[in-house]
Amino acid sequence: MNIETFRAAPVRAESASASPLPEGRPSRAEAEAAVRTLIRWAGDDPDREGLRDTPARVVRAYEEFFAGYAEDPVALLTRSFEETEGYDEMVVLRDIRLESHCEHHMVPIIGRAHVAYLPAGRVVGISKLARVIEAYAKRLQIQEKLTAQIANTIQDVLQPKGVAVVIEAAHQCMTTRGVHKHGVTMVTSRMLGAFRDDPSTRREFLSIIGGQRWQVEG
Ligand SMILES: [Zn+2]
């Protein structure tokens with residue numbers, strides 16, 4: 001598939017992957033000043049020795065936490081392979097470490113993702129699938145939207161017979177504040193194509209990822 005044709009077609013993936021960065025991104029110095037303000041708001045002195053370099057460190061950490069805004073998940077999937085010897089069985093990536101940040105509290109969402117697709121002639125390098133997950137995870141997120149974005153992008157760009165995404169994650173906004181619910185994992189899933197329509201395909205995927213406990217809805 002050439003990039004031009006596919007760039008023109010999948011409107012949904014394009015808009016989902018477009019970086020929402022507004023105009024006038026603040027400078028690094030402004031970002032560091034904001035961290036100093038938050039330290040003072042917390043009740044500490046940003047000029048004491050242990051905190052002096054903290055604003056710079058926090059801003060560098062933010063560059064890592066939110067690196068996904070600079071990635072284009074659609075572009076990551078454009079290089080696919082058609083020489084598959086007719087391989088048309090399920091491709092599953094399971095237990096992919098997931099690190100994101102909740103958009104309501106800006107604290108970590110930590111968990112794992114499982115992604116599967118049923119190829120229709122084209123496959124993509126597995127590292128690319130992992131990077132698509134990361135490109136969406138390293139943004140401010142809610143788990144439901146993250147799950148849907150990953151599935152929709154793979155479906156729109158690769159156009160397989162189906163896509164399944166399951167994410168299990170703990171939200172630190174639930175475990176370290178508010179209701180302080182420890183050991184609670186949120187599970188979200190998005191099933192498209194054959195994974196939605198064919199119970200046996202969905203069952204096969206869920207059994208591969210060890211998710212028998214979610215088969216009740218099947
Ligand atoms: Zn939250």
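Order of listing sets the numbers, starting from 1, for every ligand and every atom in it. Note that the coordinates shown come from a computational prediction; the quantities given were computed from them, not determined experimentally. Atoms considered below: every heavy atom in the structure, side chains included; atoms not considered: hydrogens, waters and symmetry mates.
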Do Glu99 and Lys138 sit within salt-bridge range, that is, some charged N less than 4.0 Å from a carboxylate O?
-> yes
Please assess Phe66 against His101 for the test ring-ring contact (aromatic ring centres under 6.0 Å, His included), listing each intermediate value before the final yes or no.
-> CA-CA 9 Å; Phe66 303 113; His101 282 79; 5.2 Å; yes
The Zn ion (ligand 1) neighbourhood, protein N/O/S only, threshold under 2.8 Å = Cys102 SG, His105 ND1, Cys173 SG
Would you sort out whether Met186 and Ile109 count as a side chain to side chain contact (heavy atoms under 4.5 Å, CB included), showing the intermediate values?
-> CA-CA 10 Å; Met186 180 168 167; Ile109 301 170; over 6 Å; no
Test side chain to side chain contact (heavy atoms under 4.5 Å, CB included), reference Ser100, set Gln143, Glu134, Gln141, output is Gln141
Do Glu71 and Arg139 meet the salt-bridge criterion of a basic N to acidic O distance under 4.0 Å?
-> no
Which value, rounded to the nearest 0.5 Å, describes the distance between Leu38 atom CG and Asp44 atom CG?
-> 12.5 Å
